[in-house]
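Atoms considered below: every heavy atom in the structure, side chains included; atoms not considered: hydrogens, waters and symmetry mates.
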Amino acid sequence: MVPPTFRGKLTPNAPLAPLVWFKSGGTADWLFEPKDLADLQDFLANLAPEVPVMALGLGSNLIVRDGGVPGVVIRLGKAFAKVKRTDETTLNCGGGASGILVSSTARDNGIAGLEFLRSIPGTVGGFVRMNGGAYGREVKDVLVDCDVVIRSGEIATLPLSELGYTYRHSDLTDGCIVVAARFRGEPGEPAAIQAEMDRISAAREASQPLRSKTGGSTFKNPDGHKAWELVDKAGCRGLTLGGAQVSEKHTNFLINTGEATSAEIEALGEEVRSRVKDTSGVALEWEIKRIGRP
């Protein structure tokens, strides 16, 4: 099933709970950490075509179900975490680079407009795939293009116009891996950029349960509504199911209070959706991705 030769690290039955923010869930049939881009391409090119593939970034917006994940989970390491300036207002960012590294590099190079990436708890690959956003901006506002390795192992550069971005969605298929992206900002003063990053950090700290085992925003904001307000009005603040809880601090966050299973976390989310539908008539959509076998 797996290719006979590769240079990265391949682990069978790899526990994924330590790699995701919720700290719950099963194992990956295989976890592959490629040494570099060529290694990733060769691995995918020689992997049996019927084997499913998915990328894992920082695991912040993810429920890994308790039955584990079939196929190969690919995690991009240090070779994919570099960020470099390419011109006065553009950064070339590896798919494994964090939002914090991207925004900090932008600051150091006097590039404004990327401060919001500081508050997205994930990697470039993840927030490019889902059009991540916060504080009034989205990836689509700053992305020039991205490089993806498709399931066959070939690499392609896709401009913004081909990604089909809508709210927290792109048209990228599950089997392709975002390995790099270019973000463009505008000229700015490093001190002012840092001040905006500090403002965003403080706002997150004040409003979100950042020190808990959580998965970030659980539900998408429906048109004309804020998800947290709908959840609150449905009486779900602090609601628990097993070891899972709706955050008291921000009702659009679910928390693993200790030893919650992924099934409990997901079931609590579904209970919240049901109560919101009953009280407001609005059908909340999951923003957190749920993967694997129940």
Would a single hydrophobic cluster contain both Ile111 and Val142, if residues Ile, Leu, Val, Met, Phe, Trp and Tyr are joined by side-chain heavy-atom contacts under 4.5 Å? yes
Side chains of Thr214 and Asn256: closer than 4.5 Å at any heavy-atom pair? no
Thr157 versus Cys146: any side-chain heavy-atom pair under 4.5 Å? no
So, are Arg184 and Asp141 salt-bridged, with charged N and O less than 4.0 Å apart? no
Is there side-chain contact between Leu172 and Val148, with heavy atoms separated by less than 4.5 Å? yes
salt_bridge(Asp147, Arg182) N-O dist < 4.0 Å: yes
Can you name the closest pair of heavy atoms from Leu40 and Val149 and give their distance? CD2-CG2, 4.1 Å
One thing to verify: whether Arg290 and Glu266 come together as a salt bridge, which I'm taking to mean a side-chain N less than 4.0 angstrom from a carboxylate O. yes
At their closest point, which heavy atom of Pro12 faces which heavy atom of Trp30, and how far apart are they? CB-CZ3, 3.7 Å
Could you check whether any side-chain N or O of Arg107 sits under 3.5 Å from a backbone N or O of Pro190, counting only pairs where one atom can act as donor and the other as acceptor? no
Do Asn131 and Arg168 have side-chain atoms, one donor and one acceptor, less than 3.5 Å apart? no
Does Lys9 come within less than 4.0 Å of Asp39, counting only side-chain N to carboxylate O? no
Got Pro34 and Phe80 here, is their nearest side-chain heavy-atom distance under 4.5 Å? yes
Which atoms form the tightest heavy-atom contact between Val231 and Thr251, and what is the distance? CG1-O, 3.4 Å
Looking at side-chain heavy atoms only, is the closest gap between Glu115 and Tyr135 below 4.5 Å? no
Considering non-hydrogen atoms only, spot the tightest contact between Gly96 and Thr123 and give its length. O-CG2, 3.6 Å
With clusters defined by side-chain heavy atoms of hydrophobic residues (ILVMFWY) lying less than 4.5 Å apart, directly or transitively, does Val128 cluster with Ile100? no
Lys/Arg-Asp/Glu bridge criterion (N-O < 4.0 Å) met for Glu270, Arg275: no
Which of parallel (below 30°), tilted (30 to 60°) and perpendicular (above 60°) describes His250 and Trp228? perpendicular
Between Ser201 and Arg118, is there a side-chain donor-acceptor contact under 3.5 Å, judged purely by atom types and distance? yes
Hey, are Ser262 and Ser24 close enough side-chain-wise for a donor-acceptor pair under 3.5 Å? yes
Val64 side chain near Ile291 side chain, heavy-atom distance below 4.5 Å: yes
Heavy-atom nearest pair, Gln245 first then Gly238, reads NE2-O, 3.5 Å
Using side-chain heavy atoms (C-beta onward) and a distance below 4.5 Å, is Ile63 in contact with Lys289? no
Verify the distance criterion only: is there a donor paired with an acceptor across the side chains of Thr90 and Asp87 at less than 3.5 Å? yes
Do Asn13 and Thr27 get their side chains close enough for a donor-acceptor pair, meaning under 3.5 Å? no
Output yes when a side-chain donor or acceptor of Ser60 lies under 3.5 Å from a complementary backbone atom of Pro121, and no otherwise. yes
Decide whether Leu210 and Phe127 are clustered together by the hydrophobic rule: side chain heavy atoms of Ile, Leu, Val, Met, Phe, Trp, Tyr closer than 4.5 Å, transitively. no
Would the distance check show the side chain of Asp66 and the main-chain N or O of Pro294 forming a donor-acceptor pair, the cut-off being under 3.5 Å? no
Charged N to carboxylate O under 4.0 angstrom, Asp108 versus Arg85? no
Can you label the angle between the Phe43 ring and the Phe6 ring as parallel, tilted or perpendicular, going by 30° and 60°? perpendicular
